[in-house]
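Since the structure comes first, as structure tokens, the remarks are kept for the end.
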Amino acid sequence: MSDKNFRVRFAPSPTGYLHLGSLRTALFNYLFARHNNGKFILRIEDTDQSRKVEGAVESLINTLNELGLNYDEGPVAGGEYGPYFQSERLKLYRKYCDELLSKGHAYYAFETSEELEEMRRVQQIQGKQTMYDRRGRHLTGNEVKEKLDSGIPYVVRLKVPLDEEIRFSDLIRGNVKIETNQIDDQVLLKSDGYPTYHLANVIDDHLMDITHIIRGEEWLTSVPKHIILYRAFGWDVPQMAHVPLILNPDKTKLSKRQGDVSTEDFLNKGYLKEALVNFMALLGWNPGEGEDREIFSKEDLIKLFTIERVNASGAVFNIDKLNWMNGEYIKSYDPEMLEELIIPYLNNGGIDTSDREKTTRVVMAVKGYINRLDEAPEHAKVYYQDVSLSAVKKEILENSDAQKILSILKSKIVSLLEITTDNFKPLISEIQKETGIKGKGLFMPIRLALTGEEHGPELGLIAYVLGKEEVISRLETAISTK
RNA sequence: GGCGCGUUGGUGUAAUUGGUUAACACGCCGCCCUCUCAAGGCGGAGAGUACGGGUUCGAUCCCCGUACGCGCUACCA
């Protein structure tokens, strides 16, 4: 634990669902904050008016809460550094932008989007690097004033210092250096008056006292732009940590084309939040030597997490392993809580769970067989639907040995007070002794009579779940098929 | 194209400050358990650490180059 006042932030733009990659970024921020006794802040980067999606923020917050990644400051929660929506901080950006302008670190530019496109097109044909040719830097003060006065739309661009080399150290990647000549005179303020990511991000991170910026690798190459801004303002640069991307099986950036990428979808399919958190944490991070566990509670993760142990290389999202891990969580989950979670899935599969005692038994029987909650109905079906038999199966039951077994079993069960998890199996052993029939010939008729299926959980469990009455009824049906 | 980052079995990862038969998990295969299917137990195949140089008595680990992958190259984040 550290007593430094670490402050980190998760700063998504509200474009819809929570991408798995964002989830992991959020998780690492959360773990880092909790491990160091710091603060975890949620900031909404809604500066792109054209990409706004209705309800996205609510859904984002819901998902974070559902996963237990509670933030200390942000929308709804509030905090001393608000507002936490960038769209509500426009005046601030304007003010700092003016400061940049007056200090000569930024300048006005008046090209239209079409002009810029044309410029890039020409550069491309000439085989040159496509970037803004910095022509706005050559405008005289009078020219600028004239254009401004006549109301021509403008943007404000960063005046990148030329012929320099920007070096910085990333907590995950080590030393990185980039020539400033490679850096575009980035737009800081758009013609609609909104800031771009770069401006807003730097200002907010500073104003919100962010000490560590933990974000996706796609931002690594824009760090120099940000450093130039921090310097221009005379601010300290926070520590940086750029986490690797999550990849499709073919190693391209995880995308919707190759499967689900939204956290909500995974939750809906019946992946437990604990499993999802556990699995995502292990994608690109590990606790290191002497730790062979794979299953970690959130508390374990908080205790063990350090940013230095995050890998620098991208990680393929291995759904097989997630499935396995989710199955592990399902098997060891608190029975009552699991039942609560599974009931909606059972109902969804057309199963009536109003008999709660039976539901409890069903959940107990089913949980060893599923890796996802949405697999529950198909395994639970046998306990609810009428037994229906194919001709072949019927034949097996009509066999005289089979009939004998079923009759004896029925009479034994009738005299039982109730069926428990372990008083059924001994009955079968007795029948074996009495009739001399054993193995498949003994078990299969019973299994078919009770479920109509050749496969399933052990018979004792099935009988227990069905209960005395239902077992007798099903046996009678099977006997009367003759 | 330019720049940046990365590269250990199919996948996720491990390997004390360079010295191990390169370890663990998922997946796969087999055996055991067992009425069946799972689960569980046991075992196996699968990498000589992208490739090529160098430094060193000795490199997965340090340096350089190449290849490949990915990212960025927007008035998107």
Side-chain angles (χ1 to χ4, degrees), chain A residues 11-15 22 45-51 86 109 111-113 116-117 120 123-124 127-132 153-157 170 172-174 176-179 181-184 186-198 200-201 215-224 242 244-245 247 249-253 279 282-295 311-325 327-328 331 367-371 379 425 428 438-448 451 453-459:
Chain A
S13 47
T15 55
S22 303
E45 311 228 327
D46 53 351
T47 56
D48 185 358
Q49 291 304 89
S50 65
R51 297 214 303 177
Q86 290 190 325
E111 293 75 26
T112 63
S113 301
L116 292 173
E117 256 167 56
R120 273 192 289 271
Q123 286 168 336
Q124 221 147 38
K128 282 199 261 179
Q129 192 178 342
T130 56
M131 68 193 285
Y132 180 62
Y154 65 90
V155 299
V156 175
R157 286 181 180 270
D170 186 273
I172 294 172
R173 277 145 221 288
V176 180
K177 56 177 179 181
I178 293 176
E179 312 268 339
N181 292 5
Q182 300 290 339
I183 305 171
D184 217 336
Q186 187 68 50
V187 169
L188 300 176
L189 200 69
K190 299 183 255 187
S191 55
D192 65 359
Y194 277 72
T196 57
Y197 172 88
H198 307 282
N201 198 260
R215 82 235 292 184
E217 185 185 351
E218 66 267 29
W219 293 109
L220 188 65
T221 42
S222 36
V223 170
H242 287 85
L245 264 15
L247 312 173
D250 67 358
K251 306 254 183 189
T252 54
K253 187 174 171 179
F279 179 75
L282 255 22
L283 228 46
W285 172 86
N286 76 87
E289 207 201 359
E291 186 62 88
D292 271 354
R293 270 186 301 172
E294 296 280 330
I295 305 296
N311 278 169
S313 54
V316 172
F317 186 83
N318 184 191
I319 192 86
D320 282 338
K321 189 154 185 176
L322 205 214
N323 287 337
W324 164 79
M325 188 173 278
E328 292 293 302
K331 286 186 197 76
K367 69 178 183 183
Y369 282 83
I370 57 175
N371 281 333
H379 289 275
K425 205 89 185 278
I428 299 179
K438 58 180 179 177
K440 214 167 180 167
L442 171 63
F443 282 84
M444 199 46 72
I446 301 173
R447 178 172 290 285
L448 288 177
T451 70
E453 308 275 347
E454 301 172 71
H455 306 303
E458 55 172 303
L459 281 177

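The sequence lines fix the lettering, A, B, ..., with proteins before strands; numbering per chain opens at 1. Below, each value reflects all heavy atoms present in this structure, side chains not excepted, and no hydrogens, waters or symmetry copies. In this text the structure is predicted, and so the values were computed from the model without any measurement.
Of the C1' atoms belonging to B:C70 and B:C31, the separation is 43 Å, rounded to the nearest Å. Rounded to a whole angstrom, the distance from the C1' atom of B:U7 to that of B:U13 is 14 Å. Taking atom C1' in both B:U66 and B:G30, the straight-line distance is 43 Å, to the nearest Å. B:A47 and B:U8 are spaced 7 Å apart, taking the C1' atom of each and rounding to whole Å.
Within 4.0 Å (heavy atoms only), A:Leu459 reaches at least one base atom of the nucleic acid. Contacts of A:Thr47 with the nucleic acid, taken as non-hydrogen atoms under 4.0 Å apart, involve only primed sugar atoms and P, OP1 or OP2. Contact annotation for A:Leu442: no contact, since no heavy-atom pair falls under 4.0 Å across all strands. As judged by a 4.0 angstrom heavy-atom cut-off over every strand, A:Gly127 is placed among residues making no nucleic acid contact. Residue contacts for A:Pro457: at a heavy-atom cut-off of 4.0 Å it reaches a base atom on one of the strands shown. Within the 4.0 angstrom heavy-atom criterion, no nucleotide atom of any strand lies near A:Gln86. A:Val155 comes within contact range of at least one nucleobase, with a heavy-atom separation under 4.0 Å. Within the nucleic acid shown, A:Lys128 has no heavy atom closer than 4.0 Å to any nucleic acid atom. Base engagement by A:Gln129 is indicated by at least one non-hydrogen atom pair under 4.0 Å involving a base atom. Counting non-hydrogen atoms under 4.0 angstrom, A:Leu116 reaches a base of the nucleic acid.
Side chains of A:Asn311 and A:Ser313: a donor-acceptor N/O pair is absent below 3.5 angstrom, by distance only.
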Close N or O pairs between protein and nucleotides 5-7 of chain B (under 3.5 Å):
from, atom 1, to, atom 2, distance (Å)
B:C5, O2', A:Arg173, NH1, 2.5

Can you check nucleotides 23-30 of chain B for protein contacts, nitrogen or oxygen pairs under 3.5 Å, and list what you find?
from, atom 1, to, atom 2, distance (Å)
B:A25, O4', A:Glu294, OE2, 3.3
B:A25, O2', A:Lys321, NZ, 3.4
B:A25, N3, A:Lys321, NZ, 3.1
B:C26, O2', A:Lys321, N, 3.3

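Within the structure, a side-chain polar atom (N or O) of A:Lys190 is placed less than 4.0 Å from OP1 or OP2 of B:C76.
For the pair A:Glu453 CD and B:C35 C1', the computed distance is 15 Å after rounding to whole Å.
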**Report entry** Base-pair map of RNA chain B as dot-bracket, where | denotes pairing with a different strand and pairs are Watson-Crick or G-U under 3.5 Å
**Finding:** (((((((..((((.....[...)))).(((((.......))))).....(((((..]....))))))))))))....
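By the rule that a glycosidic angle within 90° of 0 means syn, B:G48 counts as syn.
With hydrogens and angles ignored, a donor-acceptor pair under 3.5 angstrom links the side chain of A:Tyr369 to the base of B:C37. The base of B:C75 sits within donor-acceptor range of the side chain of A:Ser191, with an N or O pair under 3.5 Å.
Comparing atom distances between the A:Ser113 side chain and each of B:A38, B:C75, B:A39 picks out B:C75 as nearest. Minimum atom distance to the side chain of A:Val316 is reached by B:G12, of the listed B:G12, B:A77, B:C35. Checking B:A39, B:G71, B:A77 against the side-chain heavy atoms of A:Glu45 singles out B:A77 as nearest. Of the candidates B:G12, B:C35, B:A74, the closest approach to any side-chain atom of A:Glu458 belongs to B:C35.
A donor-acceptor pair under 3.5 Å is absent between the side-chain atoms of A:Ser13 and the main chain of A:Thr15, judged by distance alone.
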